[in-house]
There are 2 protein chains.
Amino acid sequence: MSFRGEEDYIKQIFQLQCDNPSSAYVKTSELIQLTGHAAPSVNEMIKRLVSKGLLEYNRYVGVRLTSEGEHIAANIIKKHRLWETFLHDYLNYKWDEIHDEAEALEHITSDRLSEALYAFMAHPKTCPHGNPIEVSIDDQHDSEEILLINASTHHAYRIIRVKDTPDVLEYLDRIHLKPGTTIRINENDPFNEFIEIKNDDRTKTIGYRLAKSIVVKKLE
Amino acid sequence: MSFRGEEDYIKQIFQLQCDNPSSAYVKTSELIQLTGHAAPSVNEMIKRLVSKGLLEYNRYVGVRLTSEGEHIAANIIKKHRLWETFLHDYLNYKWDEIHDEAEALEHITSDRLSEALYAFMAHPKTCPHGNPIEVSIDDQHDSEEILLINASTHHAYRIIRVKDTPDVLEYLDRIHLKPGTTIRINENDPFNEFIEIKNDDRTKTIGYRLAKSIVVKKLE
DNA sequence: AATTATGATAAGGTTACCCTAATAAGGAGG
DNA sequence: CCTCCTTATTAGGGTAACCTTATCATAATT
Ligand SMILES: [Mn+2]
Ligand SMILES: [Mn+2]
Ligand SMILES: [Mn+2]
Ligand SMILES: [Mn+2]
């Protein structure tokens, strides 16, 4: 049986592995940071997951999901994003209000329910934040997709997905940027750490902190 | 904060109070029976709920919900039945498959989500088993509604609701009886403990065990 | 090589639920 | 009043997750 706590750890590890596919290992400190739990709690959980065969662990190096762990992670993430989509598209939730509900629903969703929801919504491709419903650790990196922070001046891009933290989402909502939106880079100023973009004939300035939360893809 | 275990106990106590409005108190033994937990577990939970002000307890007499306890119970039951309705009406679950999923979903459903679901389904009156979505301990007893076991020969009745245990539901499904169905009593034989009914021009025999799980209301 | 920073773990505590086995309290009948 | 049975409760234990505090082990810096 999988418990809520376990599943959240597995999910976080998966996300960290995806974010940084170069280094195969996720460091304990990253997990402490991301989960907000104390070091001994994280350590204890790592041992639990190792003993269940969901995790490999080398001390002072880090952890990595086993293929079973990966499978569980992808399954939960799918459930998470299905609920986000349902709440947003059918129950009129705003896109910054869906993550927390999904965070709880994902754990008590049977595979049966997951499939039924998926079919009910006619197999959506992505959640409202632009993240794919069906995930796999391998086919993660479409090399065309880059962080907005790395976009080049005078080129056009489409927003693919955005980081799903409430502050980011609320702000993006206010300035009318979302997955699918087309933008043009007027200027990328690494020294002053901002990017000036144009969309809807309006010019907007995006700081680097926010620009790291937006994934875009060059057009044509 | 309310936890899953607590909420299930509160709900069960509420149901027992409704089933038997004459005696105001629910005995510990009834709870042991219904929950399937060991006596000390039930005893411990009773004390927890008392200390939270959700329950009154007189030893060797039984327990009774406080008004706050009743309120919580009604709220969870509403969520339970909303999910049952959603699973049945929108996700094509059969009516004997919805209870267990709802049993888990009810606990992680915020009031916000509950209201959104309720509105999405256009404020249904009852769950697929015929139980009201909006519950209150007082307005429970429509005196016109009786158990099928007490129905009189040669009269017509409408099925109002049925007990939501999988075996009962599966059987009723096979013989095409559900809330809303109109039946006529050909014979009620207390000695042999069966009732012969007619619906859809077909005659069916219902044993008293099953007849206790069906609530009906006399027509005109 | 010595110091400092970081990372890992041990020890002990908490809360929500669950359990078994043993004991105590009430009520009915002799 | 005492015995028997039902019912209630105590005592003691377990697991999943969390915590704090203190003490290791290793890596990095000086
Ligand atoms: Mn999310
Ligand atoms: Mn979660
Ligand atoms: Mn039910
Ligand atoms: Mn439940």
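Naming convention: chains lettered A, B, ... in sequence-line order (proteins, then strands); numbering from 1 in each chain.
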Q: State whether Thr28(B) places a side-chain N or O below 4.0 Å from either non-bridging phosphate oxygen (OP1 or OP2) of dA8(D).
A: yes

Q) So does Glu103(A) pair up with Lys11(A), basic N to acidic O under 4.0 Å? A) yes

Q: In whole angstrom, give the distance that lies between atom CG of Leu54(A) and atom C1' of dA16(D).
A: 15 Å

Q: Starting from C1' on dT6(C), measure out to CZ on Arg59(A) and report it in whole angstrom.
A: 16 Å

Q. Nearest-Å distance, CG (Leu31(A)) to C1' (dG7(C))?
A. 13 Å

Q. Is the shortest side-chain N/O distance from Tyr9(A) to OP1 or OP2 of dA16(D) below 4.0 Å?
A. no

Q.
Tell me whether the side-chain N/O atoms of Asn43(A) come closer than 4.0 Å to OP1 or OP2 in dA8(C).
A. no

Q. Which whole-number value in Å describes the distance from Arg4(B) CZ to dA17(D) P?
A. 14 Å

Q.
Less than 4.0 angstrom between a side-chain N/O of Lys47(A) and OP1 or OP2 of dA10(C), yes or no?
A. yes

Q) Nearest-Å distance, NE2 (His37(B)) to C1' (dC19(C))? A) 10 Å

Q: Check the distance between dA10(C)'s P and Ile46(A)'s CD1 and give it to me in whole angstrom.
A: 13 Å

Q. When the distance from CD1 of Ile10(A) to P of dA16(D) is rounded to whole Å, what number comes out?
A. 14 Å

**Q.** Note: Lys217(B)-Glu144(B) ion pair, threshold 4.0 Å (strictly below)
**A.** no

Q: Quick one: label Ser41(A) by what it contacts on the DNA or RNA (base, sugar-phosphate, nothing), any heavy atom closer than 4.0 Å.
A: base

Q) Phe86(B) and Phe86(A): ring-ring contact (aromatic ring centres under 6.0 Å, His included), yes or no, with the steps? A) CA-CA 12 Å; Phe86(B) 177 71; Phe86(A) 176 71; 5.2 Å; yes

Q | Nearest-nucleotide comparison on DNA chain D, the residue closer to the 5′ end among Phe3(A) and Ala39(A) | A | Phe3(A)

Q. Are any of Tyr60(B)'s side-chain N or O atoms less than 4.0 Å away from OP1 or OP2 of dA24(C)?
A. no

Q: Select from Arg48(A) and Ile32(B) the residue whose nearest nucleotide in DNA chain D is closer to the 5' end of that strand.
A: Ile32(B)

**Q.** Per Pro40(B) side chain, nearest of listed nucleotides dG7(C), dT9(C), dT10(D)
**A.** dT10(D)

**Q.** 5' precedence on DNA chain C between Asn58(A) and Glu44(A) (nearest-nucleotide basis)
**A.** Asn58(A)

Q: For the pair Asp111(B) and Lys79(B), find out whether any cationic side-chain nitrogen is under 4.0 Å from an anionic carboxylate oxygen.
A: yes

(Q) What I want to find out is whether Glu68(B) reaches Lys52(B) closely enough, with some N-O distance under 4.0 Å, to be called a salt bridge. (A) no

Q.
Is it the case that dC17(C) (base atoms only) and Glu6(B) (side chain only) share a donor and an acceptor within less than 3.5 Å, ignoring hydrogens and angles?
A. no

